[in-house]
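Report on the structure given below.
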Amino acid sequence: MSSTSGQPQFRYTQTPSKVLHLRNLPWECTEEELVELCNPFGKIVNTKCNVGANRNQAFVEFADLNQAISMVSYYASSSEPAQVRGKTVYIQYSNRQEITNNKSSGDVAGNVLLVTIEGVEAGDVSIDVIHLVFSAFGFVHKIATFEKAAGFQALIQYTDSETASNARNALDGRSIPRYLLPEHVTSCHLRISFSAHTDLNIKFQSHRSRDYTNPYLPVNPSAIEGTLQPALGPDGKKKEPESNVLLASIENMQYAVTVDVLHKVFSTFGTVQKIAIFEKNGGMQALIQYPDVTTAAVAKESLEGHCIYEGGYCKLHLSYSRHTDLNVKAHNDRSRDYTIPETGMLTMPQAPGLLTGAAGWQANHQAATMYAGNAVGAPAPGPNGQMPTWDPSVRGGAYVAAPSTYPGQTFAPPPVSHYPASAAISSAPAESLQASQPMPQYGLLPNARPPTTASAGQPLYYPS
DNA sequence: AGCACA
């Protein structure tokens, strides 16, 4: 910016653009004449003729900025001015970077509307509200919403362009009624144009897209639930229905896995009612039954892909079983029903290469107490809304003996993100989950009483 | 002869 000049400096201060502004053109100059003039300097991608009150101006857009610069430069230093039909044409850079012609899009009536909802975020206007508003003009076939730079937008598909036009004429520039919006939304104007689409491709019923012509379209669970499942495949991989019974496939079985081992691992998340182990396709599988779906879901999320033993041994893959109540008869190392009162119990198997985590248990103990009330899968509050009382010292006592096995060892999570496959159970992923549901100190308590009823995160139901 | 369209 020059401080010495008080003069307006039109052409010298103009920033180059691949769009050129041409004036003093002959009356009703045609596009062909513009092309003839400009073509020697580059590829013309768009034009706009007959601009201005006298219809003697035009815009020409080159494919490349350098082509526009070359044309301006050429005529700036040429002794022959640019001419059309013998008339001198004045050329300068346009103050816009591209030509926008209204004929290309937005005004061609189609059956699909592009609606920009101004002044709101995506969460403010539900797809049901959009459906309600736009259904006033006819049957809405499909809705797809998305967020772009322009803001929160929706594509709304009607049967025909007449219906779409009626909706557009009635609603463009109007606002969605206040009572349909959250209180904090102060303005919510609709900007409506026609989309070039004729048939939207809706893959899932979700909070961002609907197909009202196909009620059998699968529901995208992650989209319905919200944002809590980033682990779901980008292709919207179908999930089996949830169940209180988990099916565990155990990969790389280097060490024995008995019901006792599984019980210890899965009890971290809640009471395990029944376990059954069986062979399938040469691999080992197990069914683990919880009292409720929520507990099973937490266990599944937490344990999926993790290994019972360090070193990638006995890696767990979890899915929901179709069973809801296992028929476990035998009580042996392959199956057990923990809901049946029992007497003498098992000894812990010798587990090699065991993990750290005892210190983590202690460190997280307070957090476990604090978060128990609202953590997913935590024990349900009693009828008075209180958590069942339990004595932390009792449970702590059951586990505190453990660290003596590895004195001085501190809890140090391995870089899980780098080695997810070998990440062991006691270094489980989510920190919040770790806090509320500490991982089992498996194998660190050779003499500890097996927590058959007093599993981690659960109240003690009988005095020890 | 000096910048469209919404």
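Each chain gets a letter, A, B and so on, in the order the sequences are listed, and its residues count up from 1.
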Nearest-Å distance, CG (A:Leu20) to C1' (B:dG2)?
14 Å
In whole angstrom, give the distance that lies between atom CD of A:Glu98 and atom P of B:dA6.
16 Å
Is A:Tyr90 stacked on the base of B:dG2, with ring centres under 5.5 Å apart and planes under 30° apart?
no
Separation of B:dC3 C1' from A:Asn50 CG (nearest whole Å):
15 Å
Would you kindly give the CG-to-P distance between A:Asn54 and B:dG2, to the nearest whole Å?
7 Å
To the nearest angstrom, how far is A:Asn46 atom CG from B:dC3 atom P?
20 Å
May I ask you to decide whether A:Lys203 forms a salt bridge with A:Asp211, counting only side-chain N to carboxylate O separations under 4.0 Å?
no
Length of the CG-P vector between A:Asn56 and B:dC3, whole Å:
11 Å
Quickly work out the A:Gln57 CD to B:dC3 C1' distance and round it to whole Å.
6 Å
Applying side-chain contact (heavy atoms from CB on, under 4.5 Å) to A:Phe278 and not counting sequence neighbours gives A:Leu247, A:Lys280, A:Gln285, A:Leu287
Does A:Glu61 reach a base, just sugar-phosphate, or nothing at all? Heavy atoms under 4.0 Å.
nothing
Under 4.0 Å, counting only non-hydrogen atoms across every strand here, what does A:Asn24 touch: a base, just sugar-phosphate, or nothing?
sugar-phosphate
Can you confirm if the aromatic rings of A:Tyr158 and A:Phe139 lie within a centre distance of less than 6.0 Å?
no
What pairs with A:Glu147 under side-chain contact (heavy atoms from CB on, under 4.5 Å), at least two apart in sequence or on another chain?
A:Ala122, A:Phe152
Figure out the CZ/P separation between A:Phe59 and B:dG2, and round it to whole Å.
12 Å
